[in-house]
Amino acid sequence: MSDPPKNGIESIIVTTLVALTAFWFADTVIDAVIPQVECECGRLHAPTVLASLFHLIPLIAQLLLIFFVRRLFSERRLLVRKLEAAVAAALDEKTRTDAVIDAVGDGVCMLDRDFRIVYQNRAHERLLGEHGGERCFDAYDEDPDACRDCPVARAMDTGEVCTGNRRFISKGETRLLEITSSPVRNAAGEIVAGVQVVRDVTERRRSEEEIKSLNASLERRARDLAANNRELEAFSHSLSHDLSAPLAKISCAVETLQEIYGEQMGDDGRFLLSCICEGSSQMDDLMEALLALNQVSRKELRREKVDMGALVSQLALDLCRSEPARRVDFVIAPDLTAEGDPSMLRVALQNLLSNAWKFTRNVDGGRIEFGSVDRNGERVFYLRDNGAGFDMRQVGRIFEVFQRLHDESLFPGTGVGLATVQRVVERHGGTVTAHGVPGHGATFTFTLP
């Protein structure tokens, strides 16, 4: 920063001092140099050395005075330069502070001890209007006294941060404001003002009320759903157990009837008996499937390390032993482990394998493959076959209870197996998906977090 220019007074003082110095210097020279002269009045002698010294003393004093005055003015200019730099820095700091306060988004206001507004940021002006120099209760409430339980009054009285809420009518709409007030102290520690931060929480309170209402509604629905699930589970359990005994009696009676009277019956009678046997067998399978679904829904989950590859290999061997004439190529990846309930995972894998085994019945060179892939750091297991497949437009129904995507006469089943698979996977916190192409097989994937 350049030095400030000299002012008029400084120039006059320096000029005067220089002129006086020149005068004293000339007077001293004249007294010391001009020789003695005579006149009618008598004889004038040259000044003595002592008299010359007396003339030099004021001259030296003048020179010293000029030096100190110039030094004084130089220091003054330096102080002015520092003062201007401090003022510029203060203005820069104020600009940055104002920018930061404006960027906060909340209204910021400072009030003195008389509750007069001495500062407002733009957010505060947009929220409550411009009221610089006014008392806050006059500006906002047209009230001659401070508001009862005023946060800024409590902050200035107690010296602590205080909060409060108040309602304010803006443009005909009532807004809810959240006010946080803090005391402002001077260098001596005395409270000289208060700062309040004003936040419009109208929309937030509305959202909180809506969320609270939705949560209450969800809790009611959850309780109702839990009650319905308990009723359905009880019904399923009762259905499975209460019907098993009558069904066993029917099966036993039909078998006895065939043994005793089978030779005496005609073709129609034997056909009817076979229908009864087939229906009983289907009902028995359905009861077992419902019982399995009920058990995986109610059973306590127990997690441990499970060798998925070994489990699938054992289930595949059981399927091959059940139909020795069939030739299906099983491809099972080794060293596949997961954390989960062994009995539940066995039920899920058994249903998946049975499903693949069933839908590869009419395929030459049937192939069933079990393995895993990593997706975004997560292990995903898959079971793939080259069987009948399905139309992806019906994929939303595939995991629903009693839903079938194929003709039951071609691929009989209970319609409960895949629903059981989904229930097991979801109880482990995972997800199961299906993808199929008609005539080209299906792939089921699932995760076990």
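Residues: numbered from 1 along the sequence shown.
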> Is there a donor-acceptor pair under 3.5 Å between the side chain of Thr180 and the backbone N or O of Val197?
Replying inline: no
>> Taking the side chain as everything from C-beta on, heavy atoms only, tell me whether Gln196 gets closer than 4.5 Å to Leu177.
In response: no
>> What I'd like to find out is whether the side chain of Val328 reaches to under 4.5 Å of the side chain of Cys320, using heavy atoms alone.
In response: no
>> I'd like to know if the side chain of Arg303 reaches the main chain of Glu339, judged simply by a donor and an acceptor atom lying under 3.5 Å from each other, with no hydrogens or angles considered.
In response: yes
> Are the side chain of His435 and the backbone of Val395 linked by a donor-acceptor contact shorter than 3.5 Å?
Replying inline: no
>> If only side-chain N and O atoms count, and only distance matters, is there a donor-acceptor pair under 3.5 Å linking Glu219 with Asn215?
In response: no
>> Once side chain to side chain donor-acceptor pair (under 3.5 Å) is applied, what residue pairs with a partner in residues 108-122 remain, sequence neighbours excluded?
In response: Asp98-Tyr119, Asp102-Arg122, Gln120-His124
> Got a second to check how far Leu311's CG is from Thr337's OG1, nearest 0.5 Å?
Replying inline: 12.5 Å
>> Measuring only between side-chain heavy atoms, which start at C-beta, is Met308 closer than 4.5 Å to Leu448?
In response: yes
> Taking 4.0 angstrom as the limit, do Arg206 and Glu209 come out as a salt bridge?
Replying inline: no
> Which pairs, with at least one residue in residues 178-202 and sequence neighbours excluded, count as a salt bridge (charged side-chain N to carboxylate O under 4.0 Å, His left out)?
Replying inline: Asp106-Arg199, Arg175-Asp200, Glu178-Arg204
>> Looking at Arg154 and Thr163, would you say the former's side chain and the latter's main chain have a donor-acceptor pair under 3.5 Å?
In response: yes
>> Suppose we screen for ring-ring contact (aromatic ring centres under 6.0 Å, His included). Which residues come up paired with Phe444, at least two apart in sequence or across chains?
In response: none
>> Before you tell me yes or no, could you show the steps for Glu93 and Arg96 under salt bridge (charged side-chain N to carboxylate O under 4.0 Å, His left out), namely the whole-Å CA-CA distance, both residues' side-chain angles and the distance that decides it to 0.1 Å?
In response: CA-CA 5 Å; Glu93 185 66 24; Arg96 288 194 294 268; 2.7 Å; yes
